[in-house]
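In what follows, a structure is listed as structure tokens, so that the remarks can point back to it.
Only a predicted model underlies this, so the values are computations on that prediction, with no experimental measurement involved. Naming convention: chains lettered A, B, ... in sequence-line order (proteins, then strands); numbering from 1 in each chain.
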There are 2 protein chains.
Amino acid sequence: MTKPIHITQNCQPLTTTQFKRYTHQNRMLVAVDCIIFGFDGTHLKLLLIKRGFEPQKGRWSLMGGFVTAEENIHQAAARILKQLTGLTDIYLQQLAAFGDPHRDPTERTVSVAYFSLIDINQYEEQISHDYSAEWFPLKKLPSLIFDHKEMIEMAKEKLRYKAAFHPVLFELLPEKFTIPQLQTLYEDVYNKILDKGNFSRKILSTGLLIRQKDKEKNGSKKGAFYYKLDKRKYQLKFNSFLNFIPNPEVQVK
Amino acid sequence: MTKPIHITQNCQPLTTTQFKRYTHQNRMLVAVDCIIFGFDGTHLKLLLIKRGFEPQKGRWSLMGGFVTAEENIHQAAARILKQLTGLTDIYLQQLAAFGDPHRDPTERTVSVAYFSLIDINQYEEQISHDYSAEWFPLKKLPSLIFDHKEMIEMAKEKLRYKAAFHPVLFELLPEKFTIPQLQTLYEDVYNKILDKGNFSRKILSTGLLIRQKDKEKNGSKKGAFYYKLDKRKYQLKFNSFLNFIPNPEVQVK
DNA sequence: TCAAAAGTGTTGTCCTTACACCCATGT
DNA sequence: ACATGGGTGTAAGGACAACACTTTTGA
């Protein structure tokens with residue numbers, strides 16, 4: 001069995017006056033992997049693809065790709081996200097860099113994981129076929145390649161942590177939504193039943209929501225008012241501490 | 001002026017049966033940079049080095065280094081931290097990956113920033129000479145190379161965010177410390193005067209501290225009791241939400 | 001004895017929780 | 001009419017900020 005060779009070390013370093021390169025250093029691939037969250041009205045889900053190329057062809061995986069020479073890492077993540085979902089201007093946040101020497105057995109690759117929250121209704125069905133993509137409930141994830149499981153675990157923790165204080169979960173909902181829908185989302189994220197009265201007051205007290213004239217009538221006879229985010233206040237208050245969850249017991253490293 | 005050439009792309013990819021490498025991809029350097037916090041009893045400080053090599057020789061910089069072929073990123077950060085401080089088993093947390101294509105004009109380098117909290121008294125004076133290292137108060141930082149300023153800003157935010165809920169600032173203090181010393185630390189981190197009565201009660205109510213028999217007598221005539229961390233409870237409660245700061249208004253992206 | 005910092009007591013306010021209750025409406 | 005979920009009222013309890021007060025001791 002041949003060991004992979006670090007080809008870059010065989011290359012002669014350039015040494016022009018202006019642009020010395022660092023010599024004797026090990027160059028490696030840098031990738032991004034996207035943890036894409038969606039909410040179908042009942043459960044939080046992840047969008048995974050069936051890997052169409054070697055190695056590990058046919059196994060489930062996060063959507064990922066290599067960072068190119070011209071782009072920064074965030075741009076790479078946005079590009080990858082668009083490739084799979086067709087969406088731009090999406091909530092997209094860096095999670096962490098994963099760099100175990102053998103995480104990808106093919107070749108040393110450092111992967112920067114990003115997590116994103118999308119409105120599952122906006123997602124283009126079409127594209128999912130090209131990538132054999134599928135939404136999986138968080139509790140029923142398939143076996144995944146490399147360290148993707150670990151990435152997802154970290155993303156879940158981070159989401160819970162963030163959502164306990166910041167109104168980030170709105171990113172998962174359509175433009176118009178009801179408070180009971182929002183509550184279901186929180187309940188699924190924290191796996192915890194919340195008191196509807198207290199929840200509704202807490203959410204409304206943030207002043208982030210604007211009540212609409214119409215109601216959603218599928219969930220109940222009475223119907224629940226639709227709300228929209230007040231985009232301006234949302235931007236403004238995003239970083240303040242809003243304490244959405246009573247006694248959060250999120251564990252984060 | 002010659003443009004830097006992406007040498008790796010000129011290399012022929014290996015294609016043995018067992019170990020295909022990814023073809024046509026751009027390989028790059030991966031570095032770590034360490035944001036090292038210390039507390040001198042009055043102010044929070046950062047340990048910076050005067051860069052001893054080109055490019056930008058002689059300018060101030062975070063301590064950093066390249067990730068080698070055999071180690072993971074965290075190990076690289078721990079190695080770099082030990083190189084400069086002589087310390088191991090230090091609080092060391094990944095902050096974020098920085099990957100602007102031109103952040104290091106020499107050559108495309110992705111840097112993973114780590115931040116660490118050390119007891120400034122444990123720091124070995126000796127080593128600082130080899131690296132021309134110096135402690136700078138956060139409010140009087142010198143001009144720094146590359147994007148190091150941005151890394152530091154992010155680290156400050158992260159530290160404030162984390163310390164508002166988790167007892168992480170203890171990492172900056174010696175084994176024995178007094179509550180007024182701890183309060184000074186919090187006050188410097190949040191640039192905010194705290195009520196001593198409320199602060200002391202809040203800290204003690206966590207149950208993390210064990211009172212010692214002896215007192216520190218320099219700060220006052222009466223003297224303040226020394227405390228030690230209850231290591232077991234510290235581990236146990238580290239991730240729960242303890243709310244150290246009234247109305248935190250930390251801004252984090 | 002007095003100044004200065006450590007530490008304790010006390011009180012009013014605000015927030016939260018738990019849960020009872022009312023509301024609207026499709027069947 | 002009644003079941004069902006949406007939404008409001010409310011009282012008890014707890015947490016917390018503000019600040020007055022007591023303690024200790026070196027000079």
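The Ala224(A) side chain lies nearest to dG6(D) when the options are dG6(D), dG7(C), dT17(C).
If you measure from atom CD1 of Ile203(A) to atom C1' of dT16(C), you get 15 Å, rounded to the nearest angstrom. Across the protein-nucleic acid pair, Leu194(A) atom CG and dC19(C) atom P stand 15 Å apart, rounded to whole Å. The distance from atom CZ of Phe199(A) to atom P of dT8(D) is 14 Å, rounded to the nearest whole Å. Atom CG in Asn218(B) sits roughly 11 Å away from atom P in dA27(D) (whole-Å rounding). Distance, Lys202(A) NZ to dA18(C) C1': 13 Å, rounded to whole Å. One can place CG of Asn198(A) at 15 Å from P of dA11(D), the figure rounded to the nearest angstrom. Rounding to whole angstrom units, CG of residue Leu204(A) and P of dC15(C) are separated by 16 Å. When rounded to the nearest whole Å, the span between NZ of Lys196(A) and P of dC19(C) equals 14 Å.
Every side-chain hydrogen bond (donor to acceptor under 3.5 Å, both in side chains) that Ser143(B) has, sequence neighbours left out, goes to Arg59(B). Qualifying ring pair (Phe, Tyr, Trp, His ring centres under 6.0 Å) partners for Tyr123(B), counting only residues two or more places apart in sequence or in other chains: Trp135(B). Remark: Asp119(B) engages Asn121(B) in a side-chain hydrogen bond (donor to acceptor under 3.5 Å, both in side chains) (not counting sequence neighbours). Scored by the side-chain hydrogen bond (donor to acceptor under 3.5 Å, both in side chains) test, Lys140(B) finds no partners at all (sequence neighbours excluded).
Along DNA chain D, the nucleotide closest to Tyr227(A) and the one closest to Gly197(B) are compared, and the more 5′ of them pairs with Tyr227(A). Residue Asp195(B) is the one, among Asp195(B) and Arg201(A), whose nearest nucleotide of DNA chain C lies closer to the 5' end (criterion: closest heavy atom).
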Hey, can you pull the donor-acceptor pairs under 3.5 Å for the side chains in residues 111-118 of chain B, sequence neighbours left out?
| unit_1 | atom_1 | unit_2 | atom_2 | d |
| --- | --- | --- | --- | --- |
| Ser111(B) | OG | Asp33(B) | OD2 | 2.6 |
| Tyr114(B) | OH | His74(B) | N | 3.4 |
| Tyr114(B) | OH | Gln94(B) | NE2 | 3.2 |

May I have the list of side-chain donor-acceptor pairs in residues 171-179 of chain B shorter than 3.5 Å, sequence neighbours left out?
| unit_1 | atom_1 | unit_2 | atom_2 | d |
| --- | --- | --- | --- | --- |
| Glu171(B) | OE2 | Tyr234(B) | OH | 2.6 |
| Lys176(B) | NZ | Asp214(B) | OD2 | 2.6 |
| Thr178(B) | OG1 | Gln181(B) | N | 3.2 |

Which side-chain N or O atoms in residues 81-89 of chain B pair as donor and acceptor under 3.5 Å with protein atoms at least two apart or in another chain?
| unit_1 | atom_1 | unit_2 | atom_2 | d |
| --- | --- | --- | --- | --- |
| Gln83(B) | OE1 | Tyr131(B) | OH | 3.0 |
| Thr85(B) | OG1 | Leu81(B) | O | 2.7 |
| Thr85(B) | OG1 | Leu87(B) | N | 3.1 |

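Listed for the Asp188(A) side chain is a donor-acceptor partner under 3.5 Å among the backbone atoms of Leu44(A).
In the region residues 175-185 of chain A, proximity to DNA chain D at under 4.0 angstrom, judged on heavy atoms, holds for Pro180(A).
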What are the atom names and distances for every N/O pair under 3.5 Å that joins the protein to nucleotides 22-26 of chain C?
| unit_1 | atom_1 | unit_2 | atom_2 | d |
| --- | --- | --- | --- | --- |
| dC23(C) | O2 | Lys222(A) | NZ | 3.2 |
| dT25(C) | O4' | Lys221(A) | O | 3.3 |
| dG26(C) | OP1 | Lys217(A) | NZ | 3.3 |

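Between Tyr186(A) and Tyr190(A), the two ring planes are parallel [angle under 30°; tilted spans 30° to 60°].
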